[in-house]
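The block underneath contains the structure these notes are about, expressed in structure tokens.
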2 protein chains.
Amino acid sequence: MINLLRKTFGFIFESTLIEEINKIGTLREVSAGEELIRFGEFIQGVPLMISGAVRVNRVYPDGNELFLYYIEEGDTCSMSFNCCTQQKKSEIRAIAEIDSQFIMIPVSKIESLIGKYSSWRQFVFSSYHNRMVEVVYALEKVAFEKLDDRLEEYLDQKSRITQSDSLQMTHQEIAEDLRTSRVVISRLLKKLEQMGKLKLQRNTIELIR
Amino acid sequence: MINLLRKTFGFIFESTLIEEINKIGTLREVSAGEELIRFGEFIQGVPLMISGAVRVNRVYPDGNELFLYYIEEGDTCSMSFNCCTQQKKSEIRAIAEIDSQFIMIPVSKIESLIGKYSSWRQFVFSSYHNRMVEVVYALEKVAFEKLDDRLEEYLDQKSRITQSDSLQMTHQEIAEDLRTSRVVISRLLKKLEQMGKLKLQRNTIELIR
DNA sequence: AAGGCTTTGTAACAATTGTTACATTAAATT
DNA sequence: AATTTAATGTAACAATTGTTACAAAGCCTT
């Protein structure tokens, strides 16, 4: 585990911090689709991403969900960070988008890390800021752009995250993420296909570059 | 100034911190409409709000703007916080919504406060989190709600911030904030008037409670 | 191969939001 | 008071997005 830690966080954390994280953290591996953080549960710890990609959704009591951001190698989830320090139930849900590795740092140790290591503080601050920038970006998309452009960006992002031009997903799933109906997505996808930007098959969307 | 500090921040900051802020900070007063932070400038410091309300907008190079959140008594602007530590030019604009007082803490002192005072760190963390929650809230509104509901909420928020049921603003200004056209806002306002929720006059919207 | 389930395609129509154009009214200026 | 300017009202129409309903196609199970 310490080698993974060094590889991903060696440039930002001093070696004493790396060693401490190695002691108190536990490496976890999840496969695509698995839930790291569930809605309504108390959060066990803060995840440090080693590899892969995890999507973070805001969840509302009525079951509604809203995509906030992805966390990838070197990131942490600043929303869960706060839940920890406040001992609150999770208002988010985190799902592995692809097979992923991360190190879980238990809640109980968070406070002392903040006190001891300035590089850890820096990391938490910049993590907060980066997540904020991404949520603002999401807001910007919804506020400024039409659905067809948002769909294109959505597909590009998926492709980047899954590292594939062949997206295995249904129109229904896309519709839920973009908060519209399946029919609307099918319609727009067909339009993009006619423009030669992609090819549609059952359960897959082949992006043409 | 120290009395204002004690009144607003006495419950979260230890007295040594209050005294230090009293030394290094400068009290500033702005009247409604004044700009506290301008787009593209280097940020001079982090504002601690004593009274009033300041709106924070994201600004894009093309001049487009997007409302992010208000900061009020006891708040700070977490976006400017990061600009400071990174020595970057401001990507936001802050405008006093009503007459306001705040204490400006110079960039140069920020780092040492973080190292010295855990209550300051707590404050910055929770400030980041609160702003995040507000931006997520804004995203939620745009993603889930129709324009007429968003307009009603917008008017309620304005009323709360300005502490008045008589809003001095034009339809054009509302349209810019909600990213739509003046005609659409006039139409919806007229509908709300017919529903008895408000009364329209030139330059003012009178909310009926 | 047949039947059932899921996914996708498509038409027709409704609702919402955006746009253009111009009239009307209120305030400000001369 | 007359003129100019800014703000609002309204109609007519366009574009986008949402909804319903059903057909067609692909996949899975037996």
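Just so it is clear, the structure is predicted and the values come from calculations on it, not from any experiment.
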Is any side-chain N or O of B:R182 under 3.5 Å from a base N or O of D:dG9, one able to act as donor and the other as acceptor? yes

Heavy atom of residues 138-154 of chain A under 4.0 Å from DNA chain D: which residues? A:K146, A:L147

Checking all strands, does B:T170 fall into the base, sugar-phosphate, or nothing category for heavy-atom contacts under 4.0 angstrom? sugar-phosphate

B:I185 has an atom CD1; how far is it from atom C1' of D:dA7, in whole Å? 15 Å

Picking from D:dT10, C:dG9, C:dA11, which would you name as closest to the side chain of B:V183? D:dT10

Take the protein atom CD of B:E193 and the nucleotide atom C1' of D:dG9, then report the distance between them rounded to whole Å. 11 Å

When the distance from CD of B:Q168 to C1' of D:dA7 is rounded to whole Å, what number comes out? 14 Å

Would you find a donor on one side and an acceptor on the other, under 3.5 Å apart, between the side chain of B:E65 and the backbone of B:N57? no

Has the side chain of A:R202 got a donor or acceptor that lies under 3.5 Å from a partner of the other kind on the base of C:dT6? yes

On DNA chain D, does the nearest nucleotide to A:N203 precede the nearest nucleotide to A:T180 from the 5' side, or the other way round? Give the residue. A:T180

For atom CE of A:M169 and atom C1' of C:dT7, their distance in whole Å: 14 Å

Flag side-chain contact, heavy atom, 4.5 Å: A:T76 against A:S78: no

Say you draw a straight line from CG of A:L66 to CG of A:D177; how long is it, rounded to the nearest 0.5 Å? 9.5 Å

Rounded to whole Å, please give me the gap between CD in B:Q172 and P in D:dG9. 14 Å

Nearest to the side chain of A:V184, heavy atoms from C-beta on, is which of D:dT10, C:dT19, D:dG18? D:dG18

Quick one: B:Q194 CD to D:dT10 P, roughly how many Å, whole number? 8 Å

Who are the ring-ring contact (aromatic ring centres under 6.0 Å, His included) partners of B:Y154, not counting sequence neighbours? none

Choose from C:dT10, D:dG18, C:dG18 the nucleotide whose nearest atom is closest to any side-chain atom of B:R187. C:dG18

Report the C-alpha separation of A:T180 and A:R150 in whole Å, then their side-chain angles, then the decisive distance to 0.1 Å, and conclude whether the side-chain hydrogen bond (donor to acceptor under 3.5 Å, both in side chains) test is met. CA-CA 12 Å; A:T180 179; A:R150 286 174 57 212; over 6 Å; no

Taking NZ from B:K191 and C1' from D:dT8, how many angstroms apart are they, rounded to a whole number? 18 Å

A:F144/B:Y60 aromatic ring centres below 6.0 Å: yes

To the nearest Å, give me how far apart CD1 (A:I205) and C1' (C:dT7) are. 12 Å

Presence of donor-acceptor pair under 3.5 Å, side chain of B:R179 and base of C:dG18: no

For B:T8 and B:I50, which heavy atoms make the closest approach, and how far apart are they? OG1-O, 3.9 Å

